[in-house]
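One structure is given here, and the rest of the page talks about it.
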Amino acid sequence: MSKPLSLMIQGTHSDAGKSVITTAFCRIFAQDGHRTAPFKSQNMALNSYVTIDGKEIGRAQGVQAEAAGVEATTDMNPILIKPSRENDAQIVVHGKPFQNMNAFDYRKSFYEMGRGLIKGSLAALYEQYDCVVIEGAGSPAEVNLNDREIVNMSVARMANAPVILVGDIEKGGVFASLVGTLQLLEEEDRERIIGVIINKFRGDISLLKSGLDWFEEYSGKRVLGVIPYLPGLNIEAEDSVVLQRYSTRRDETKGLDIAVIQYPMISNFTDIDPFFAEEDCSVRFVTTASQLGQPDLIILPGSKNTIEDLLFLKATGLFEKLQKSEAVIVGICGGYQMLGVSVSDPEAVETPHETEAGLGLLPVETVMDIEKTTVRSQGIATFRGKEFAIKGYEIHMGRSSSSERIPFMETGVGLTDGATSSDERIIGTYFHGLLHNDEFRSALLNSIRKVKQQEEQTEIIRYNDLKEKSFDTLADHVRKHVDLAAIYKEMERYSGPRMPV
């Protein structure tokens with residue numbers, strides 16, 4: 001019995017483009033008629049995704065499943081690591097919190113359990129799909145970690161998958177990165193690499209040819225593709241390292257100024273992605289009081305540690321600035337909790353700080369709960385006299401309540417979510433994905449345009465349509481610039497008799 005086709009994407013370093021390349025191949029193989037699943041054994045990220053059965057996985061694997069046209073499951077990311085404080089993280093196993101661990105204890109005591117989880121998930125995917133695209137993490141050449149790693153070459157061996165190594169030419173030194181990575185691998189693992197892809201190329205490809213020829217002769221590995229930089233994709237990022245690329249300054253050519261507060265433990269910042277598709281919206285990320293200025297809209301995104309991030313707001317002077325701001329303010333999840341009167345953590349779920357005063361902009365009090373809420377949700381929000389059907393997802397440890405609050409939306413008979421000020425200038429909700437609801441986002445922005453005496457936009461941007469188009473654009477772009485026939489040939493070579501995982 002043959003096992004499904006498989007392919008693993010590894011990188012010379014973090015942010016080499018592994019997630020995007022994996023997403024592209026998920027779409028390509030699905031377009032070619034293969035029932036395809038993404039897989040990442042262990043993911044460290046604060047941007048997460050809720051599966052249809054209310055489980056939490058890395059956001060990249062959820063997006064990759066969308067690209068493949070399949071429903072995401074926890075087998076696609078059985079282990080999720082969510083940093084909560086320095087040297088401390090919440091370990092999520094098959095979508096549910098397992099326990100908090102530091103890096104040393106995780107490496108020492110979780111290794112065997114992790115290997116078992118990974119083997120089981122790979123076996124399950126091989127039973128359900130005929131193609132599995134596997135993403136690595138960081139670099140396979142971390143020699144200090146390789147004796148107990150469970151995310152790169154050890155997974156390639158379990159899956160008996162061919163590996164493509166991705167290098168990012170934008171950062172410089174791509175040939176050194178590729179050659180150095182290859183030389184630091186064990187011979188068995190080096191042989192498993194079927195070739196390399198050079199990512200994010202800009203300029204005249206002919207000027208790179210001599211380097212490509214040298215690399216192939218020196219390393220004995222094929223260059224399977226050079227992928228030109230592709231801007232403007234509406235595909236969600238996962239790693240917070242991408243925040244370094246976002247501007248802290250306003251684009252003065254655009255009519256609306258949107259400030260996103262970037263605290264240290266920011267999570268699910270992809271909530272603001274739809275604003276990038278709005279032509280008159282300047283989106284900037286703010287970390288200091290001096291950067292805030294006078295924006296039209298302020299977003300307080302999610303947080304993996306609400307109290308610690310509240311302390312950050314106070315230390316930077318942002319806390320007082322937010323209290324005095326006249327902007328429209330929307331708080332999502334942890335951001336909603338910060339808008340309230342207080343946040344308490346009596347069980348030390350996230351922090352040893354027991355209670356911290358919130359911004360006091362909404363009359364709610366939050367108490368952290370040991371039980372984590374992870375669910376896809378829907379409700380009816382009322383804003384500016386109109387009702388909006390809202391779909392989203394919840395990932396939070398706390399519960400917020402008050403007899404004085406004005407609920408933001410109804411979520412069922414006698415059930416509500418969030419809170420809003422009487423003038424609807426301050427909005428708080430637990431619903432991640434709120435701003436992906438196109439009609440509501442359009443109404444929110446038009447209310448701000450109206451106050452500024454700017455022309456209201458009648459055409460509603462359909463963000464999910466843009467995302468689907470981006471999947472196709474990405475797949476077509478990668479298909480054009482890689483030797484897909486050679487990749488398929490190697491995948492078929494590795495798909496011989498099924499091997500035990």
(message) Below 30° counts as parallel, above 60° as perpendicular, anything between as tilted: where do the rings of Phe269 and Phe285 land?
(response) perpendicular
(request) Scan side-chain atoms only and decide if His432 and Asn268 contain a donor-acceptor pair under the 3.5 Å cut-off. (result) no
(message) Any donor-acceptor pair under 3.5 Å linking the side-chain atoms of Ser154 with those of Glu149?
(response) yes
(request) Keeping the roles fixed (side chain from Asp130, backbone from His34), state whether a donor-acceptor pair exists under 3.5 Å. (result) no
(request) Output yes when Asp147 and Arg107 qualify as a salt bridge under the 4.0 Å nitrogen-oxygen rule, no when they do not. (result) yes
(message) Between His477 (side chain only) and Pro228 (backbone N and O only), is there a donor and an acceptor less than 3.5 Å apart?
(response) yes
(request) Verify, without hydrogens or angle tests, whether Ser109 (side chain) and Tyr106 (backbone) share a donor-acceptor contact under 3.5 angstrom. (result) no
(message) Among residues at least two apart in sequence or on other chains, which ones pass side chain to side chain contact (heavy atoms under 4.5 Å, CB included) with Tyr111?
(response) Arg115, Arg148, Ile150
(request) Take atom CD of Glu71 as the centre, draw a 6.0 Å sphere, and report whether it contains more than 12 heavy atoms from other residues, nucleotides or ligands. (result) yes
(request) May I ask you to decide whether Lys171 forms a salt bridge with Asp168, counting only side-chain N to carboxylate O separations under 4.0 Å? (result) yes
(request) Inspect the contact between Arg157 and Asp189 and indicate whether a charged nitrogen and a carboxylate oxygen are less than 4.0 angstrom apart. (result) yes
(message) My understanding is that only one of Phe431, Tyr336, Tyr430 makes a ring pair (Phe, Tyr, Trp, His ring centres under 6.0 Å) with His396; could you say which?
(response) Tyr430
(request) State which residues pass salt bridge (Lys or Arg N to Asp or Glu O under 4.0 Å) with Glu191; sequence neighbours excluded, sorted by chain then number. (result) none
(message) Please determine whether the number of non-hydrogen atoms from other residues, nucleotides or ligands lying under 6.0 Å from atom NZ of Lys489 exceeds 12.
(response) no
(message) I want to check something: taking the side chain as every heavy atom from C-beta on, are Gln10 and Ile164 in contact at a cut-off of under 4.5 Å?
(response) no
(message) With a 4.5 Å cut-off on side-chain heavy atoms, are Arg190 and Lys221 touching?
(response) yes
(message) So Met265 and Leu46, do their side chains get closer than 4.5 Å, heavy atoms only?
(response) yes
(request) Taking the side chain as every heavy atom from C-beta outward, state whether Met76 and Val70 have any atom pair closer than 4.5 Å. (result) yes
(message) Before you tell me yes or no, could you show the steps for Arg202 and Glu170 under salt bridge (charged side-chain N to carboxylate O under 4.0 Å, His left out), namely the whole-Å CA-CA distance, both residues' side-chain angles and the distance that decides it to 0.1 Å?
(response) CA-CA 8 Å; Arg202 302 173 193 249; Glu170 190 175 48; 2.6 Å; yes
(request) Assess whether side-chain hydrogen bond (donor to acceptor under 3.5 Å, both in side chains) is satisfied between Lys40 and Gln64, documenting all intermediate values. (result) CA-CA 10 Å; Lys40 188 166 185 174; Gln64 289 159 2; over 6 Å; no
(request) Using a strict 4.0 Å threshold on nitrogen-to-oxygen distance, state whether Asp483 and Arg222 make a salt bridge. (result) yes
(request) Measure from NZ or CZ of Arg376 to the centre of the six-membered ring of Tyr393, then state whether that distance is under 6.0 Å and the direction lies within 45° of the axis. (result) no
